[in-house]
Protein chains: 2
Amino acid sequence: MRIGQLAQETGVSVRSLRYYEQQGLISPIRQENGYRDYSPLTVHTVEAIKLYLNLGLSTEQIAGFLTCVLRNKEAFCAEIMPVYEKKLAEIEAQIQQLTQIRSNLLDRIAAFQAERAGKPDE
Amino acid sequence: MRIGQLAQETGVSVRSLRYYEQQGLISPIRQENGYRDYSPLTVHTVEAIKLYLNLGLSTEQIAGFLTCVLRNKEAFCAEIMPVYEKKLAEIEAQIQQLTQIRSNLLDRIAAFQAERAGKPDE
DNA sequence: ATAGACCTTGACATCAATGTCAGGGTCAAG
DNA sequence: CTTGACCCTGACATTGATGTCAAGGTCTAT
């Protein structure tokens with residue numbers, strides 16, 4: 001299968017497929033004319049990549065366990081847990097920071113409105 | 001006051017002070033030798049900039065109301081409310097997205113551990 | 001006059017996945 | 001043989017505040 005078809009079947013752009021290859025996530029063989037030639041199984045690989053990217057993982061992190069999860073169930077791949085836990089910690093830190101900013105914004109909006117309401121003609 | 005002293009008094013790097021100037025947030029006059037010359041009042045300006053940056057606002061947004069809030073109370077500056085509200089909406093969207101990812105991560109971690117525990121010697 | 005602390009401008013690097021363009025090859029159908 | 005759809009590589013842009021370096025000017029104290 002050529003790259004255009006893979007792109008169409010997975011909904012991933014040709015550009016991104018080449019990028020995933022550059023990051024070591026997929027390794028198509030080459031036809032005689034230089035075109036990339038993908039196994040039909042690569043569709044599943046790309047779907048997996050999409051899934052992990054949607055979890056906020058980087059291509060580098062995905063590269064660390066992708067081979068394993070493609071051959072086994074996730075539970076068999078010990079490499080994946082530290083990644084999940086690291087990402088979870090990052091996400092929670094970000095949520096906390098955003099929540100703090102949100103709180104500050106709400107305070108300032110409230111103060112703004114209180115001052116306008118309380119002193120309408122000062 | 002020269003840039004080094006302003007940096008020291010505000011805890012903001014010399015690099016950032018120049019950047020704020022480039023973004024139109026501060027406008028020091030120049031000494032005869034070309035050195036930037038800041039009014040002592042600029043310390044307050046920079047403190048305000050720090051505050052708004054910490055709320056997640058961009059220098060461009062800050063530029064839109066900084067002159068007003070330096071002369072008046074915030075409640076007097078109508079320009080600021082749309083900015084606060086836009087930022088609040090962005091923050092809440094981000095929190096929601098991160099919360100969704102967090103939920104997905106927790107699900108996968110739980111599934112991982114359940115599979116290991118449930119089938120320890122499969 | 002020289003060292004050293006301070007200032008200047010300009011430029012590149014950061015982070016990461018993706019879009020987009022340029023310049024050029026391949027191939028099948030007409 | 002030409003058109004058009006598809007492919008290739010390589011490169012720059014995006015986003016935004018900040019770090020850092022280069023090359024050089026200023027000024028003070030020795």
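Naming convention: chains lettered A, B, ... in sequence-line order (proteins, then strands); numbering from 1 in each chain.
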Over 60° means perpendicular and under 30° means parallel, so tell me whether B:Tyr52 and B:Tyr84 are parallel, tilted or perpendicular. tilted
Calculate the interatomic distance between B:Gln5 atom CD and C:dC6 atom C1'; express it in whole Å. 13 Å
State, with a plain yes or no, whether a side-chain heavy atom of B:Gln97 is found less than 4.5 Å away from one of B:Gln100. no
Looking only at D:dC6, D:dG19, D:dT9, the nucleotide nearest the A:Arg2 side chain is D:dC6
State, with a plain yes or no, whether a side-chain heavy atom of B:Arg2 is found less than 4.5 Å away from one of B:Asp37. no
Would you say A:Leu55 and B:Arg108 make side-chain contact, with heavy atoms under 4.5 Å? yes
Taking only the side-chain heavy atoms of A:Arg36 (C-beta and beyond), determine which of D:dG19, D:dT26, D:dC8 contains the nearest atom. D:dC8
By nearest heavy atom, map B:Ser58 and B:Tyr35 onto DNA chain D; which one lands nearer the 5' end? B:Ser58
Out of C:dA17, D:dT20, C:dC7, which has the shortest distance to the side chain of A:Thr59? C:dA17
Where along residues 21-34 of chain A does a heavy atom fall under 4.0 Å from DNA chain D? A:Arg30, A:Gly34
Looking at D:dG19, D:dC8, C:dT8, which one has an atom nearest to any side-chain atom of B:Arg18? C:dT8
Please confirm whether the shortest side-chain N or O distance from A:Ser16 to OP1 or OP2 of C:dA17 is below 4.0 Å. no
Between CD1 of B:Ile3 and P of D:dT26 the distance, given in whole Å, is 17 Å
Residue A:Gln96 excluded, over 12 heavy atoms near CD under 6.0 Å: no
Side-chain atoms of A:Leu53 come closest, of C:dT8, C:dA17, C:dT26, to C:dA17
From C:dT18, D:dC7, D:dG16, pick the nucleotide closest to the side chain of A:Tyr19? C:dT18
Is there a side-chain contact between B:Glu115 and A:Glu74 in this structure, where contact means two heavy atoms from C-beta onward sitting under 4.5 Å apart? no
